Amino acid sequence: MFKVLSEDGLARSGELTTRAGIVLTPTFMPDGTRGAVKSLTPEMVYSTGVQVVLANTYHLHLQPGEDTIAKLGGVNKFANRKGPMLTDSGGFQVFSLAKISKITEEGVKFKDPKTGDMIFLSPEKSIQIQMKLGADMIVAFDDVTALDKKGRDRTLEAFERTHRWLERSLAEYQRLTKDMPEKEKPIIFGVVQGGLNKELRKKSLEIVQSLPVGGIAIGGLSVGETKEEMHDMLNFLSEHYDKSPRPRFLLGVGDPVDVRYGIEHGIDMFDCVLPTRNARHGTVWIEGDEKIHLTNERFIQDTSTIDENCDCYTCLEGFSKGFIRHQFKVGEPLAGTLASIHNIRYLERLCESYR
RNA sequence: GCAGGGUUAGUGAAGCGGUCAAACACGGCAGACUGUAAAUCUGCUGGCUUAUGCCUUCGUAGGUUCGAAUCCUACACCCUGCA
């Protein structure tokens, strides 16, 4: 399933075989929460070097529903995507939608912000949905908490629940895949939690690694803690990975500085909304992990491309900062599209340079 | 010509004696964003300067008043009726 091709210190490059194709790591996977990477066609996404796109259980369950997507041929066909797709479990929504959700041992109840309907998600339900969606890689349903002052009080509770839910997720996964040939099974990732508590993190990692999951996901980071705290934890975890050939997936991290740090501390996969969200909001990365605001007045008559060292479609085709700034100012969606292509490519080049 | 209505900061538009440098919206400027309730959100937006401070502003010029964007007079321009 996962082969390490070469190593340099803690960093490594590898080859992950999924039922939808091979993925070279380290890799950055943009989020296409509702099935599409916002403002991009699959061709545009492909042009940036992206191998995997992530979609979300929670959102697709609400609309249009997993049964509909199954009828439409599964997420890959649905999204008209050739490469592998990964679905997130909806666990993150437990955290990000905390205001409208209620957690019990059985699962989580959400109030659909659109319709007001009650939505129930549990480990079993999440896995069932992900299997129906037909994702090539899936994630166990976990309990995520914030790392701000309030959230930290819940660390232990979330840590414990995550493992109970992992066992339930895994049992449901095994039940639903028992008749599938090994090669046809999607890869399931177990999630490590434990907040900023190193003892809990270590224990969590040990628990996840002891189970027959196909990959190790690190969750509960980049949720309110400082960069130093996050890096410190990644550094700590890097001392405790076992030798089993499984990919390590750092959930929700996409700042180039953090991706570099992650790769150099043994992480193989990343997903994040940052490149696309920032892009739609006018911020792009340039050489040196610097960021600039394309909407700034100083670019009004700038004829240069975003980054002369970049080989993305936007830069290669010669779109000037002056042009893109104008499109942003007049609210033309093309601006966000061009910037998204650039930002994703920035992270893909970063990953390629390590590979 | 007569009778009404109007003229407020970059734009639109509140305010109709003090708590008004003047609501709000848009525009402008800057920033935030990390498993997407996010093409979103936040701050600033007369000048000086950053203070419970001063100065200059509400068509123009006068006046009433302790005090006027708010009341009165004249003028200018715009709109609506009647000629």
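Quick note on labels: first sequence line is chain A, next is B, and so on, each numbered from 1. This structure is a prediction, so every number in the text was calculated from the model and none was measured.
- With hydrogens and angles ignored, the 3.5 Å screen pairs no side-chain donor or acceptor of A:R12 with any backbone N or O of A:S6.
- Between the CG atom of A:L60 and the C1' atom of B:G35 there is a distance of 14 Å, given to the nearest Å.
- Rounded to the nearest Å, the gap between the C1' atom of B:C78 and that of B:A37 is 48 Å.
- In this structure, the CG atom of A:L294 is 11 Å from the P atom of B:G31, given to the nearest Å.
- Here the closest heavy-atom approach between residue A:R201 and residue A:G195 is recorded as NE-O, 2.8 Å.
- For the P atom pair drawn from B:U60 and B:U8, the interatomic distance equals 10 Å after rounding to whole Å.
- Separating the C1' atom of B:G10 from that of B:G28 is a span of 8 Å, rounded to the nearest Å.
- Nucleotides B:A69 and B:U7, compared at atom P, are 15 Å apart to the nearest Å.
- Taking every heavy atom of residues 83-91 of chain A and every atom of RNA chain B, pairs under 4.0 Å involve A:D88, A:S89, by number.
- In terms of phosphate contacts, A:K291 brings a side-chain nitrogen or oxygen within less than 4.0 Å of OP1 or OP2 of B:C33.
- Within residues 274-288 of chain A, the residues having any heavy atom under 4.0 Å from RNA chain B are, by residue number, A:L274, A:T276, A:R277, A:N278, A:R280, A:H281, A:T283.
- The nucleotide whose nearest atom lies closest to any side-chain atom of A:N56 is, among B:G35, B:U36, B:G31, B:U36.
- Following rounding to the nearest Å, A:D31 (CG) and B:A37 (P) show an atom-to-atom distance of 10 Å.
- Within a 6.0 Å radius of NZ in A:K77, other residues, nucleotides and ligands contribute 12 heavy atoms or fewer.
- Atoms CZ (A:F270) and C1' (B:U36) sit 19 Å apart, rounded to a whole Å.
- Position along RNA chain B of the nearest nucleotide to A:N296 versus A:L251 favours A:N296 as the more 5'-ward residue.
- Within the model, atoms OG1 of A:T305 and CG of A:L338 stand 12.0 Å from one another, a figure rounded to the nearest 0.5 Å.
- The distance from atom SG of A:C312 to atom CE of A:M44, rounded to the nearest 0.5 Å, is 12.0 Å.
- Rounded to a whole angstrom, the distance from the P atom of B:C44 to that of B:U36 is 32 Å.
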For residues 128-137 of chain A, which side-chain N or O atoms pair as donor and acceptor with protein atoms under 3.5 Å away, sequence neighbours left out?
| residue | atom | partner | partner atom | Å |
| --- | --- | --- | --- | --- |
| A:Q128 | NE2 | A:E172 | OE2 | 2.8 |
| A:Q130 | OE1 | A:T87 | OG1 | 2.8 |
| A:Q130 | OE1 | A:V139 | N | 3.1 |
| A:Q130 | NE2 | A:S126 | OG | 3.1 |
| A:Q130 | NE2 | A:V139 | O | 2.8 |
| A:K132 | NZ | A:D67 | OD1 | 2.9 |
| A:D136 | OD1 | A:R19 | NE | 3.0 |
| A:D136 | OD2 | A:M85 | N | 2.8 |

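- Taking atom C1' in both B:G46 and B:U42, one finds a spacing of 23 Å when rounded to whole Å.
- Here A:D142 lies in heavy-atom contact (under 4.0 Å) with a base.
- Of the listed nucleotides (B:A37, B:U36, B:G35), B:A37 has the atom at the smallest distance from the side chain of A:I100.
- Closest-nucleotide positions on RNA chain B for A:S222 and A:R34 were compared, and the one nearer the 5' end corresponds to A:S222.
- In this structure, B:G4 forms a base pair with B:C79, meeting either the Watson-Crick or the G-U wobble geometry with both donor-acceptor distances under 3.5 Å.
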Would you tabulate the pairs of protein nitrogen or oxygen atoms and nucleotide nitrogen or oxygen atoms of nucleotides 43-47 of chain B closer than 3.5 angstrom?
none

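- To the nearest angstrom, P of B:C33 lies 19 Å from NZ of A:K38.
- Pairing of B:U73, defined by two Watson-Crick or G-U wobble distances under 3.5 Å, is identified with B:A61.
- Residue pairs meeting the salt bridge (charged side-chain N to carboxylate O under 4.0 Å, His left out) criterion with at least one partner in residues 35-51 of chain A, sequence neighbours excluded, are absent.
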Under 3.5 Å, side-chain donor or acceptor atoms of residues 177-189 of chain A against the rest of the protein: list the pairs with distances, not counting sequence neighbours.
| residue | atom | partner | partner atom | Å |
| --- | --- | --- | --- | --- |
| A:T177 | OG1 | A:Y173 | O | 2.7 |
| A:E182 | OE1 | A:K185 | NZ | 3.4 |

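- The side chain of A:H59 lies closest to B:A37 when the candidates are B:G31, B:G35, B:A37.
- Across all strands shown, the partner of B:G12 is B:C24, judged by Watson-Crick or G-U wobble contacts whose two distances both fall under 3.5 Å.
- Here A:Q93 does not reach the OP1 or OP2 of B:G35: none of its side-chain N or O atoms lies under 4.0 Å away.
- For A:M137 and B:G35, the CE to P distance is 18 Å, given to the nearest whole Å.
- For B:A3 and B:G27, the P atoms lie 44 Å apart once the distance is rounded to whole Å.
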Which pairs of donor and acceptor atoms, one on a side chain in residues 88-99 of chain A, lie under 3.5 Å apart (sequence neighbours left out)?
| residue | atom | partner | partner atom | Å |
| --- | --- | --- | --- | --- |
| A:S89 | OG | A:G91 | N | 3.0 |
| A:S89 | OG | A:A140 | O | 3.3 |
| A:Q93 | OE1 | A:N56 | ND2 | 3.3 |

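- Under the side-chain hydrogen bond (donor to acceptor under 3.5 Å, both in side chains) criterion, the residue pairs touching residues 334-347 of chain A are A:S39-A:T337, A:D289-A:Y346, A:D311-A:R345, A:R345-A:E352, with sequence neighbours excluded.
- A side-chain hydrogen bond (donor to acceptor under 3.5 Å, both in side chains) check over residues 20-30 of chain A, counting only residues at least two apart or in different chains, returns the pairs A:T27-A:Q51.
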Check residues 206-221 of chain A and write down every donor-acceptor pair under 3.5 Å in which the side-chain atom is one partner and the other belongs to a residue at least two apart or another chain.
| residue | atom | partner | partner atom | Å |
| --- | --- | --- | --- | --- |
| A:Q209 | OE1 | A:D242 | N | 3.0 |
| A:Q209 | NE2 | A:H240 | O | 3.4 |
| A:S210 | OG | A:I207 | O | 2.6 |

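- The side chain of A:S96 places an N or O atom within less than 4.0 Å of a non-bridging phosphate oxygen (OP1 or OP2) of B:A37.
- Cation-pi geometry between A:R248 and A:Y241 is satisfied (NZ or CZ under 6.0 Å from the ring centre, within 45° of the ring normal).
- Annotation: proximity of residues 317-340 of chain A to RNA chain B (heavy atom, distance under 4.0 Å) is found for A:R325, A:K329, A:P333, numbered in ascending order.
- The pair A:R260-A:E264 does not meet the salt-bridge criterion, since no charged nitrogen lies less than 4.0 angstrom from a carboxylate oxygen.
- Partners of A:S304 by side-chain contact (heavy atoms from CB on, under 4.5 Å), not counting sequence neighbours, listed by chain and number: A:D302, A:K321.
- Base pairing analysis places B:G31 opposite B:C41; the two distances defining the Watson-Crick or G-U wobble pair are each below 3.5 Å.
- Note: NE2 (A:H293) to P (B:C29) measures 13 Å, nearest angstrom.
- Ranking B:A37, B:G35, B:C33 by closeness to the A:V139 side chain, first place goes to B:G35.
- In this entry B:C66 has B:G18 as its Watson-Crick or G-U wobble partner, both defining distances falling under 3.5 Å.
- With rounding to whole Å, A:L121 atom CG is found 15 Å from B:A37 atom C1'.
- Look at the C1' atom in both B:A76 and B:A61: the space between them is 11 Å, to the nearest Å.
- Within the 3.5 Å criterion, the main-chain N or O of A:M1 finds no donor-acceptor partner in the side chain of A:R246.
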